[in-house]
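Worth knowing before you read on, the calculation uses all heavy atoms, side chains too, and leaves out hydrogens, waters and symmetry mates.
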Amino acid sequence: MNQELLYHFFSDDDFLRISKTIKEMEKITAGEIRVAVKEEKPLLKKGKDIRALAEEEFFKLNMHNTRDKTGILLYLILRERQFYILADEGINAKVSQETWDTVRNEMQEEFMSGHFANGLITGVKKVGKILGEHFPVKADDTNELSNKVVM
């Protein structure tokens with residue numbers, strides 16, 4: 001895959017910073033945070049909306065298999081300038097959509113200023129703090145999912 005577009009928006013250091021932020025935030029929550037960045041919609045899925053694509057990625061990454069259903073995905077499609085925050089049912093039972101809309105709006109401000117890495121880092125920090133309130137880290141907590149950015 002040609003990753004020219006990806007590196008127009010992000011550097012390898014940006015991806016490392018995002019991964020480190022995920023790791024830091026997961027120290028305060030039992031939630032599992034993932035970030036997926038795609039250059040564009042797959043050819044055969046051009047007709048799908050951003051939520052449907054985020055749901056597919058969520059299942060592909062096995063995020064639905066976390067112990068307490070506390071996975072959350074920040075999903076970004078660069079060419080279409082779209083992103084979506086998708087939380088599992090355990091999170092949705094305690095956190096309202098309005099909360100995620102607020103996080104989305106703050107991320108969007110960063111994106112509109114051309115600060116894509118900062119937008120994702122802001123999102124990860126906000127999500128981590130919210131999850132930390134509702135799903136504090138447990139004594140037997142394990143990191144169930146990778147902290148690496150999915151491309």
Side-chain angles (χ1 to χ4, degrees), residues 1-23 25-26 29-132 134-135 143-151:
M1 178 171 120
N2 178 358
Q3 295 187 328
E4 196 174 312
L5 185 66
L6 204 59
Y7 287 104
H8 176 76
F9 291 96
F10 298 97
S11 69
D12 285 331
D13 283 348
D14 290 334
F15 290 125
L16 282 173
R17 284 179 32 229
I18 295 165
S19 293
K20 282 182 183 169
T21 305
I22 292 170
K23 185 177 180 182
M25 289 296 103
E26 287 185 354
T29 178
E32 289 290 333
I33 305 166
R34 298 288 320 255
V35 172
V37 178
K38 305 294 179 185
E39 289 199 343
E40 59 192 343
K41 286 183 180 181
L43 202 53
L44 298 173
K45 300 184 180 177
K46 293 278 187 214
K48 290 199 172 191
D49 70 3
I50 186 75
R51 181 187 170 102
L53 292 170
E55 286 172 353
E56 282 183 16
E57 189 74 12
F58 192 89
F59 284 98
K60 193 169 99 185
L61 296 173
N62 276 326
M63 295 186 67
H64 59 293
N65 285 331
T66 59
R67 178 172 65 177
D68 297 317
K69 300 288 184 205
T70 53
I72 188 162
L73 175 65
L74 284 69
Y75 184 78
L76 174 66
I77 302 176
L78 295 172
R79 192 170 308 281
E80 282 83 3
R81 300 274 206 282
Q82 295 179 320
F83 75 101
Y84 197 84
I85 301 171
L86 182 68
D88 207 345
E89 58 195 45
I91 294 172
N92 288 334
K94 293 187 176 186
V95 182
S96 71
Q97 184 58 46
E98 290 77 41
T99 302
W100 303 131
D101 291 345
T102 303
V103 174
R104 181 200 63 214
N105 294 342
E106 289 183 42
M107 291 173 67
Q108 207 156 353
E109 283 180 32
E110 289 283 348
F111 293 160
M112 289 169 81
S113 303
H115 305 135
F116 288 86
N118 286 347
L120 285 174
I121 288 169
T122 296
V124 168
K125 285 181 177 177
K126 300 268 180 201
V127 164
K129 288 179 179 149
I130 293 163
L131 293 181
H134 295 281
F135 306 96
N143 188 13
E144 297 179 76
L145 300 170
S146 170
N147 297 334
K148 287 179 72 174
V149 177
V150 180
M151 296 181 261

Exercise. Can T99 and S96 be counted as having a side-chain donor-acceptor contact under 3.5 angstrom?
Worked result: yes
For this session: Test D12 against Y7 for side chain to side chain donor-acceptor pair (under 3.5 Å), laying out the working first.
Result: CA-CA 8 Å; D12 285 331; Y7 287 104; 2.8 Å; yes
Problem set entry | Contacts of type ring pair (Phe, Tyr, Trp, His ring centres under 6.0 Å), residue F83, not counting sequence neighbours | F111
Exercise. Charged N to carboxylate O under 4.0 angstrom, E57 versus K38?
Worked result: yes
Exercise. Between R51 and E55, is the closest basic N to carboxylate O distance under 4.0 Å?
Worked result: yes
Problem set entry | Contact check, side chains of I72 and I85, non-hydrogen atoms, under 4.5 Å | yes
For this session: Specify the closest pair of heavy atoms between V149 and S19, including all atoms of both residues, with the distance to one decimal.
Result: N-OG, 3.6 Å
Exercise. From E56 CD over to K45 NZ, what is the distance, rounded to the nearest 0.5 angstrom?
Worked result: 3.5 Å
Problem set entry | Side chain proximity check, N65 to F59, heavy atoms < 4.5 angstrom | no
Problem set entry | Side-chain touch L53/Y75, heavy atoms, less than 4.5 angstrom | yes
Seminar exercise, completed: Rounded to the nearest 0.5 Å, the CD1 atom of I18 sits from the CG atom of L120 at a distance of 4.5 Å
Seminar exercise, completed: Interatomic distance, OG1@T70 vs CD@E26, rounded to 0.5 Å, equals 9.0 Å
Problem set entry | Smallest separation among heavy atoms of I33 and V124, with atom names | CD1-O, 4.1 Å
Problem set entry | Chi angles and distances behind the side-chain contact (heavy atoms from CB on, under 4.5 Å) call for F116, E110 | CA-CA 7 Å; F116 288 86; E110 289 283 348; over 6 Å; no
Exercise. Taking side chain as C-beta onward, heavy atoms only, is P42 less than 4.5 Å from K48?
Worked result: no
For this session: Please indicate whether K46 has more than 12 foreign heavy atoms, meaning atoms of other residues, nucleotides or ligands, lying under 6.0 Å from its NZ.
Result: yes
Exercise. Is K126 salt-bridged to E106, cutoff N-O under 4.0 Å?
Worked result: yes
Exercise. Strictly by modelled atom types, are N118 and R17 linked by a side-chain donor-acceptor pair under 3.5 Å?
Worked result: yes
Exercise. With distance as the sole criterion, is a donor-acceptor pair present between the side chains of D101 and Q97 under 3.5 Å?
Worked result: yes
For this session: Please examine the side chains of W100 and V127, heavy atoms only from C-beta on, and report whether any two atoms are closer than 4.5 Å.
Result: yes
Exercise. For atom NZ of K69, is the number of surrounding heavy atoms from other residues, nucleotides or ligands below 6.0 Å larger than 12?
Worked result: yes
Exercise. Which heavy atom of G31 sits nearest a heavy atom of L131, and at what distance?
Worked result: CA-CD1, 4.1 Å
For this session: For the pair V95 and H134, evaluate side-chain contact (heavy atoms from CB on, under 4.5 Å) and give the outcome as yes or no after the intermediate values.
Result: CA-CA 8 Å; V95 182; H134 295 281; 3.5 Å; yes
For this session: Could you walk me through whether L6 and V37 pass side-chain contact (heavy atoms from CB on, under 4.5 Å), step by step?
Result: CA-CA 8 Å; L6 204 59; V37 178; 3.5 Å; yes
For this session: Taking all heavy atoms of F135 and all of G90, pick out the closest pair and write down the distance.
Result: CZ-O, 3.2 Å
For this session: Quick one: closest heavy-atom pair of E40 and R79, and the distance?
Result: OE1-NE, 2.9 Å
Problem set entry | Within 6.0 angstrom of K41 NZ, more than 12 heavy atoms from elsewhere | yes
Seminar exercise, completed: d(Y84 OH, I77 CD1) to nearest 0.5 Å is 12.5 Å
Exercise. Do you know the tightest heavy-atom contact between M63 and D88?
Worked result: O-OD2, 3.6 Å
Exercise. Atom CD of E32 and atom CZ of R67: how far apart are they, to the nearest 0.5 Å?
Worked result: 10.0 Å
Exercise. Is there a donor-acceptor pair under 3.5 Å between the side chain of R34 and the backbone N or O of G71?
Worked result: no
Problem set entry | Spacing of CD1 belonging to I91 relative to OG1 belonging to T29, to within rounding of 0.5 Å | 7.5 Å
